[in-house]
Structure formats: C-alpha cells, structure tokens
Amino acid sequence: MNWKIRTPYMALQDISHSKVLLISLPETTPMQEAASLQQDLKRAGISPYAWMINQSLSMVPGITDPLLKSRAHAEEEIISNIKENLTERIFGIPYMPVKDLLPELLENVKTNSSLKK
C-alpha cells in the first residue's frame, strides 16, 4: 500500500482540496490587514481563492441617511481597490440589521451570491 503523509499545510496549498477565503469589513484597516495576510499566505505557497466583503453598507439599496450614504461611498472606494489590486474573485454580504441573521443571509445568498466584476 502506498501511504502518503498529508499535513494540513499541504492541504491548504492544494487548490483541489481547499479554498481559502479572506474576509474583511469594507474599511481601510481590516482591508490592509487582510492584504498583509494574503501576502504572507502567498509566500507560504497558499493562494487565496477569493475575498469576502462583510457587512457592507454600499451593497444596501435605498440608503437615504446622509451619514450612512457617506460611509457607503467610502466603502465603494475600498471595494474597488480590492477588486483592482488584490483579487480576481470578490463576494459580498450586505449589512443586514436582522436579529436572526443566518436565515436572512442564506436567503440573500440565493438571490445575490456575488459582486459583479
């Protein structure tokens, strides 16, 4: 029998066995920290599959509050930077002020699963 030892590190390097997602809030510091992690992973031979943007106001339609609109606009610049400079694949989860978030999130994934590039 041909047994081959496989470590978790080796599994993370093998794209047929695992997909690494980098998850970030659409804010400057979390984005920079995730970008730094991406560089570290690439040096280790691990290529992130995609980025996930979490709790994004810019993905919420119909915002009327001026402060929230301003924040959403700032998020768009950060998301654009991620798309243009850091990844080929990007997915997003809009901000959802829902107490029982998981059912709402799963329903949203069914209808809007990724950001358009």
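By the side chain to side chain contact (heavy atoms under 4.5 Å, CB included) test, M31 is found to be paired with S24, W51, I78, N81, I82, L86, residues two or more places apart in sequence or in another chain being considered. Residues passing the side-chain hydrogen bond (donor to acceptor under 3.5 Å, both in side chains) test with S80 are E84, sequence neighbours excluded. For S16, the side-chain hydrogen bond (donor to acceptor under 3.5 Å, both in side chains) test picks out D14, with sequence neighbours left out. In terms of the side chain to side chain contact (heavy atoms under 4.5 Å, CB included) criterion, residue partners of E76 (sequence neighbours excluded) are, by chain and number, S58, H73. Residues satisfying the salt bridge (Lys or Arg N to Asp or Glu O under 4.0 Å) criterion with D40, sequence neighbours excluded, are R43. For Q13, the side-chain hydrogen bond (donor to acceptor under 3.5 Å, both in side chains) partners two or more places apart in sequence, or in a different chain, are Y9. Remark: K42 pairs with Q38, P48 by the side chain to side chain contact (heavy atoms under 4.5 Å, CB included) rule, at least two apart or across chains. With sequence neighbours excluded, no residue forms a side-chain hydrogen bond (donor to acceptor under 3.5 Å, both in side chains) with E33.
Counting heavy atoms of neighbouring residues, nucleotides and ligands inside a 6.0 Å radius, atom NZ of K19 exceeds 12 of them.
Residue M10 is found outside any hydrophobic cluster, as its side-chain heavy atoms come under 4.5 Å of no other Ile, Leu, Val, Met, Phe, Trp or Tyr. L25 belongs to no hydrophobic cluster, as no Ile, Leu, Val, Met, Phe, Trp or Tyr side chain comes under 4.5 Å of its own. Other residues sharing a hydrophobic cluster with I63 under the 4.5 Å side-chain heavy-atom criterion for ILVMFWY residues are L57, V60, L68, Y95.
No continuous path of ILVMFWY side-chain contacts below 4.5 Å connects I15 to I46, so the two sit in separate hydrophobic clusters.
Across K83 and I90, no two heavy atoms sit closer than the pair CG-CG2, 3.8 Å. Nearest approach of S56 to E75, heavy atoms of both residues: OG-OE1, 3.0 Å.
At least one side-chain heavy atom of Y49 sits less than 4.5 Å from a side-chain heavy atom of L21. The shortest distance between side-chain heavy atoms of T28 and Q32 falls below 4.5 Å.
The salt bridge (Lys or Arg N to Asp or Glu O under 4.0 Å) pairs that include a residue from residues 52-63 number zero, where partners must be two or more places apart or lie in different chains.
Rounded to the nearest 0.5 angstrom, I53 CD1 and I23 CD1 are separated by 10.0 Å. In this structure, T87 OG1 and L22 CG are separated by 8.0 Å, a value rounded to the nearest 0.5 Å.
With S18 contributing its side chain and A11 its backbone, the two residues share a donor-acceptor pair below 3.5 Å.
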